[in-house]
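All remarks here apply to the structure that follows.
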Amino acid sequence: MERRLTAIMAADFVGFSRLIERDEEGTITALKGYRKLIDGLISNYGGRVFGSAGDSVIAEFTSATDASRCALEIQRELKVRNLDLPEKGRMNLRIGIHLGDVVADGDNLLGDGVNIAARLEAIAPPGGLCVSKAVADQLSGKVDAEFAHAGAHELKNIANKVEVWTWPPELAVKPKRSAAIRWAAATAVVATATAISAFFVFGRDDPRDLPSGARIVITPFETIGENKEDEYFAEGLTRDLNALLAKFSNLFVIAPEAGADFSSNKDCEAIRDALGADYILGGTAQRSDSKLRVTTTFINARTCRQLTPPGPFDMDLSIANVLDIQVEIARKVASQIGSSDAPLFNTSVQQAIRDKAPENLEAYECYLLGFWFYQSFSIEAHRKARDCLLRTVKEEPGYSLAWSRLAFNYLESKKRSFDTDPDWANKARDAATRALEEDPDNADAHYALAILSRMTGEDKAVFFEHAKNATELSPNDSWILADLGIFLAYSGEFEKGKEWISRAKDLNPKLHPGYNNAWVLHAILRGNYDEAQKVILSWGTPKSTMSMATLTASYALDGEQQKAQEMARRLQNEHPEFLDDPRSPYRARGMPTELIEKIMDGLRIAGIEVSEN
């Protein structure tokens, strides 16, 4: 058999089976046209196709430069052709290229050179390329494209890591982290032995790569006692247990917001039927000045029979005991379900959790207040959390999560016009940066920096970098997914944003309907005003400034002048501050100018005065 050095290009269409299922005849017709283009370009650049499965192609070239030029032209041509197709029918190609040794077996080629190209294709973004270092070294000054270094990747069945470069640069894939988990309360992120979901390598085929094990939901822990302000403490306990149980990769932990719908109705059958839960965990929290009592209930939702619950726990009230209770509940629940694949059984990891906790309970409570704001979105809750967090970072400057929650407080002040500091952006950035200095694996801080980048109009590459970090560190946090997804949509990346929000919906069947704004705004941009109206109205009567303004514009652009004027009057009466700068809520979210101006045109038609700048 002949052995030789050659450049291998592997290409595969994304989601081909789903396209076939949706429209078999149309997809096959489109594929034939695309394959004619692809095969022709490969031939033009001196390449030879030696393998094909219809929706995939593998070819050899004598030059890595020619292979890369060919791949770039293919992607650019397909992008143009896709513009003429409806979004659901568009076909995107992933391409991987490697320069290495192959063995010729007749017309076929075998060996690592072929295998590495195929693995690079698997991690390439749709519409993009991933190339190895051997290829990248050949391209300097020879191709009209910028590639971004994406680090050293472990590729399936390849012994050594492979240095990867990606085009386009803003979609550069990042190596999977070997071990990272997140605890949302006092712990941030500690190393684990669990690999991250493949979905969060940008551009993978299936965005719904969710845990496949038993589904467990935690209904809100109830506060026992007269002090209702302690409710945020019980709510924080609920959320923290969710985060801890999510460390077990074979458990499907339903988001806490979904369980919150059953705070007053703990009927087993109702929860099981609504959420598809296999297990239900609940409990109570009671605390005094010096004591803490936590009880739990644990139910097999398939039979509605009580299982042996962890606890009860009666301890002195301290941050150390709060952590111990949470870890112990998570460990015992996971053991009964039959999961053992998380490091919470490792004493060194439990100690790492304690090491990252604050020194005192008050600091932890301030962190919880930062989340409690989202229960009411009131300015009073915002101010209370802000003042408490400012005290906390002064008294415990090493508490990373307090810094990241403070960053979000500044971001919310801008989004909601709550006592907005003139220097809000710099203060948010400084707080999030300090959070990462204290703990580089704080997903909450990366999440804050991602949102900040869109609100301040930074390059999308900045957003992508922090969004990837946040989602790799917390792949099943529906709040992070949905929020980053909506900002992806706001940035103009509507399809990717909707994918992320859809994943969040899978994790949280009760996800706030406001995230459907991604579908609303995309429909308006496409001129599908009827769809936009249906989505907004499906939430009930719109109340927020942006939803009312968007619906007003949609009616006007659709020729529904009477409805537009009625909604405009409501908007002016209920949100008169909006009239000062109608672009403000849209600009604050970093939306494309084209979309903003289209909405402004609709508002003008509805009779609202909008300046031209």
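Worth saying up front: this structure is predicted, and the values here are computed from it rather than measured.
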Do any N or O atoms from the side chain of Glu493 and from the backbone of Leu488 form a donor-acceptor pair under 3.5 angstrom?
no

Checking Phe463 against Leu484 for the side chain to side chain contact (heavy atoms under 4.5 Å, CB included) test, could you report, in this order, the C-alpha distance in whole Å, the side-chain angles of both residues, the deciding distance, and whether it holds?
CA-CA 9 Å; Phe463 173 85; Leu484 293 179; 4.1 Å; yes

Heavy-atom donor-acceptor pair, Ser538 side chain to Val535 backbone, under 3.5 Å:
yes

Can a side-chain donor-acceptor contact be found between Lys505 and Asn516 if the only test is distance below 3.5 angstrom?
yes

Is the side chain of Trp403 donor-acceptor paired with the backbone N or O of Val393 at a distance under 3.5 Å, no angle test?
no

Yes or no on salt bridge (charged side-chain N to carboxylate O under 4.0 Å, His left out) for Glu438 and Arg434, after CA distance, side-chain angles and deciding distance?
CA-CA 6 Å; Glu438 299 299 336; Arg434 179 61 183 272; 2.9 Å; yes

For Leu275, does its backbone N or O pair with a side-chain atom of Arg215 as donor and acceptor, under 3.5 Å?
yes

Flag the pair Leu129 / Thr166 as yes when at least one side-chain heavy-atom distance between them is below 4.5 Å, and no otherwise.
no

Do you know the tightest heavy-atom contact between Ala482 and Leu511?
CB-CD1, 3.9 Å

Rounded to the nearest 0.5 Å, what separation is found between the CD atom of Glu380 and the CZ atom of Phe418?
8.0 Å

For a side chain to side chain contact (heavy atoms under 4.5 Å, CB included) check, start with the C-alpha distance between Phe252 and Ile216, then their side-chain angles and the critical distance, and finish with the verdict.
CA-CA 6 Å; Phe252 190 117; Ile216 182 169; over 6 Å; no

Any non-hydrogen side-chain atom of Asp421 less than 4.5 Å from a side-chain atom of Ser413?
no

Heavy atoms, side chains only, cut-off 4.5 Å: are Glu597 and Glu594 in contact?
no

Residue pair Ile254 / Ile218, side-chain heavy-atom distance below 4.5 Å:
no

Within a 6.0 Å radius of atom NZ on Lys598, are there more than 12 heavy atoms belonging to other residues, nucleotides or ligands?
yes

Could you walk me through whether Ser547 and Thr550 pass the side chain to side chain donor-acceptor pair (under 3.5 Å) check?
CA-CA 5 Å; Ser547 61; Thr550 303; over 6 Å; no

Kindly determine whether Arg386 and Asp419 satisfy salt bridge (charged side-chain N to carboxylate O under 4.0 Å, His left out), including the steps that lead there.
CA-CA 11 Å; Arg386 177 196 61 200; Asp419 300 336; 3.4 Å; yes

Which distance, rounded to the nearest 0.5 Å, do you find between the OG of Ser478 and the NE2 of His512?
13.0 Å

Closest heavy-atom pair, Ala407 versus Ala432, reported as atoms and distance to 0.1 Å, is CB-N, 3.8 Å

Walk me through it: do Arg416 and Glu412 pass the test salt bridge (charged side-chain N to carboxylate O under 4.0 Å, His left out)?
CA-CA 6 Å; Arg416 304 181 190 283; Glu412 293 296 344; 2.7 Å; yes

According to the side chain to side chain donor-acceptor pair (under 3.5 Å) rule, which pairs have a member within residues 448-458, sequence neighbours left out?
Arg429-Glu458

Aromatic rings His522 and Phe494: how do their planes relate, parallel, tilted or perpendicular, breaks at 30° and 60°?
parallel

Heavy atoms, side chains only, cut-off 4.5 Å: are Leu120 and Ser132 in contact?
yes

Ile480 versus Thr471, closest heavy-atom pair with distance
CG2-CG2, 4.4 Å

CG-CD1 distance between Asn517 and Ile536, expressed to the nearest 0.5 angstrom
6.5 Å

Asn409 side chain to Arg405 backbone, donor-acceptor under 3.5 Å
no

Could you pull out the closest heavy-atom pair between Ala402 and Thr392, with the gap in Å?
CB-CG2, 3.8 Å

Met546 vs Arg589, side chain to side chain contact (heavy atoms under 4.5 Å, CB included): CA-CA, chis, key distance, verdict:
CA-CA 11 Å; Met546 199 168 78; Arg589 290 161 174 80; 3.8 Å; yes

Do Asp444 and Leu401 have side-chain heavy atoms sitting under 4.5 Å apart?
yes

Trace of the side chain to side chain contact (heavy atoms under 4.5 Å, CB included) decision for Trp519 with Ile501:
CA-CA 10 Å; Trp519 282 262; Ile501 296 168; 3.7 Å; yes

Arg583 NZ/CZ over Tyr586 ring centroid, <6.0 Å and within 45° of normal:
no

Rounded to the nearest 0.5 Å, how far apart are CZ of Phe578 and OG1 of Thr545?
7.5 Å

Charged N to carboxylate O below 4.0 Å: is that the case for Lys498 and Glu495?
yes

Over all heavy atoms of both residues, which pair between Lys394 and Pro397 is shortest? Give the atoms and the distance, please.
O-CD, 3.8 Å

Considering all heavy atoms, the nearest Trp424-Leu452 contact
CZ3-CD1, 3.8 Å

If you apply the rule side chain to side chain donor-acceptor pair (under 3.5 Å), what do you find for His153 with Glu163, and how did you get there?
CA-CA 6 Å; His153 286 246; Glu163 291 282 338; over 6 Å; no

Lys460 (side chain) donor-acceptor with Ser491 (main chain) under 3.5 angstrom:
yes

How about Tyr447 and Ser404: does a side-chain donor come under 3.5 Å of a side-chain acceptor?
no

Measuring from Ile524:CD1 to Leu595:CG, what's the distance to the nearest 0.5 Å?
7.0 Å

With a 4.5 Å cut-off on side-chain heavy atoms, are Ile329 and Val294 touching?
yes

Side-chain contact, heavy-atom cut-off 4.5 Å: Arg94 with Ile123?
no

Quick one about Ser400 and Asn442 (side-chain donor to acceptor, distance below 3.5 Å, no hydrogens or angles considered), yes or no?
yes

State whether the side chain of His575 and the backbone N or O of Glu577 hold a donor-acceptor pair below 3.5 Å, judged by distance alone.
no

When rounded to the nearest 0.5 Å, the distance separating CG of Asp441 from NE2 of His446 is 7.0 Å

